[in-house]
Amino acid sequence: MAFKKDFVWGAATSSYQIEGAWNEDGKGENVWDVFCHEYDHVFEGHTGDTACDHYHRYKEDVKLMKELGINAYRFSINWARLIPNGIGELNPKGVEFYSNLIDELIANGIEPYITLFHWDYPYELHKKGGWLNDDSVEWFAEYAAKISELYSDRVKNFITFNEPQCFIGAGYMSGEHAPGYKVMYKDIFRMCHNVLKAHGAAVIALRANAKQPIKVGYAPTGTTCYPASDSAADIEAARKTMFACPPLRRGLMWNVSWWSDPVILGKYPEDGLRMYKDYLPEITEEDMKLINQPLDFYANNIYNGQEIRADENGNAQYVARKVGHGKTAIQWPITPEALRWGPRFYTERYKLPFFITENGMSAHDVVSLDGKVHDPNRIDFLNRYLNELEKATEDGVDVRGYFQWSLIDNFEWAKGYSDRFGLIYVDFENGERIPKDSYYWYKNWIEEHTK
Ligand code: GCO
């Protein structure tokens, strides 16, 4: 068996997507609260006001995690629940909520992985300009320091950012996500730079305040490329395409190396520096040092990939998907190969232990007449993807863990509750949870692979 005994088999969620209790117990507002309350941004006016009501039902959810057999759970902290204004005073009830959740996880043998930021930016800081304000680096570092002070006595694993590509790209370029802006490229690149600096400052703050040795990582996304065959030429073409900086496209910041090279290699990619030069802020050596903090692991959210082959001159070509190629309910292509090649290309370039921090699918799940939720498509998806991940480990790739997205059906951002990603079904009228067939399948997979 290729997976090591101590392989991390987990599931993931994020605060805004599951917690609810949007205005309870002293929580401050965040940009998603405000965005959703303006009825026309999100599918059918859905909001995260109640979501899965995890804030009140977290014990039930941890029980379900335990029954599932996961040994780790990745969740994020709702910044404005902890610090209502983003900076300054802590909210005691918010502090207590995460503390209780952590205790409950540990009591059930589940290792907590905390993501500091999964998109729910405090509205008070947004009003000051958010990531466009250069002080945002300090604000984030202060928040990271608090988290470390409060929880690092019990929590050993921290992730600074989840998918910066998405909260910048969808939040400030296409405007589909909160705060719904379409800003100028110059502003985009200033925000990118500030987010990267904030990452570095947070790593320092987490470590400086840690009560025990901790592990710190980063969880961006990007388009994974995989080769059409195992030929050296196809592999090289896929690798090159994956790490090349794409030309700017209104609406997307889907770029692998722009967001990861500075963090791990200490420099922005040359092709990007050339292509984006008219829009870049001043980038100093000191900035690059701050961004380039030693990390304990690198992670990526991988849902699908793009097949690439080399033509007779060795140039990369996108391979068109076959007519009728499989896709998920959210219309994303099913490409299990991404879990073999993504980890391999990422570890070759960044040379750090690797985690899949998200992978999964949305399906048209319903409660059948027998009261159960049968989701054969998700089982097939997981089976195919995890088999490819196993190949990565057989190839010698240092993959340390896999977090399924998601533990539970939840608020899928601008799509509201129209897409169901969970292993556990939620009736959003009354909060009832029903483990789906895939929940039992994953439970069995974990058992089989930890024997
Ligand atoms: C993501 C997000 C998740 C999404 C999931 C499905 O990082 O994109 O982390 O919040 O719900 O990816 O779109």
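Predicted, not measured: the structure shown is a model, and the values here were computed from it. Residue indices begin at 1 and follow the sequence shown. In each ligand, atom 1 is the first atom listed, and ligand 1 is the first ligand listed.
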Student: Given Phe411, Trp405, Phe421, which one has a non-hydrogen atom that is nearest to atom 3 (C) of ligand 1?
Tutor: Trp405
Student: Regarding ligand 1, does Trp119 bring an N or O atom to under 3.5 Å of one of the ligand's N or O atoms?
Tutor: no
Student: With no hydrogens and no angle check, just 3.5 Å: does a side-chain donor-acceptor pair link Arg321 and Thr335?
Tutor: no
Student: Side chain, backbone, both or neither: which part of Trp332 has a heavy atom under 4.0 Å from ligand 1?
Tutor: side chain
Student: What is the closest protein heavy atom to atom 12 (O) of ligand 1, and at what distance does it sit?
Tutor: Tyr303 OH, 2.9 Å
Student: May I ask you to identify, for Asn162, whether its side chain, its backbone, both or neither come under 4.0 Å of ligand 1 on a heavy-atom basis?
Tutor: side chain
Student: Among all protein non-hydrogen atoms, which one is nearest to atom 10 (O) of ligand 1, and what is the separation to 0.1 Å?
Tutor: Gln17 OE1, 2.6 Å
Student: Does the gap between the ring centers of Tyr58 and Phe75 come in under 6.0 Å?
Tutor: no
Student: Number the atoms of ligand 1 from 1 as they appear, then name those within less than 4.0 Å of a heavy atom of Asn301, with their elements.
Tutor: 7 (O)
Student: Check Asp134 with Arg190, please: is the shortest side-chain N to carboxylate O separation under 4.0 Å?
Tutor: yes
Student: I want to know whether Trp258 and Phe189 have ring centres closer than 6.0 Å.
Tutor: yes
Student: Heavy atom to atom 11 (O) of ligand 1, shortest distance: which of Glu412, Lys415, Glu163 holds it?
Tutor: Glu412
Student: What I want to know is whether Ser14 and ligand 1 share at least one N or O pair that is separated by under 3.5 angstrom.
Tutor: no
Student: Could you identify the single nearest non-hydrogen protein atom to atom 9 (O) of ligand 1 and state the distance to 0.1 Å?
Tutor: Glu358 OE2, 2.5 Å
Student: Within 45° of the axis and under 6.0 Å from the centre of the six-membered ring of Phe243, does NZ or CZ of Arg349 qualify?
Tutor: yes
Student: Verify the ring-centre separation between Phe35 and Trp32: is it less than 6.0 angstrom?
Tutor: yes
Student: Below 6.0 angstrom between ring centroids: does that apply to Tyr121 and Trp131?
Tutor: yes
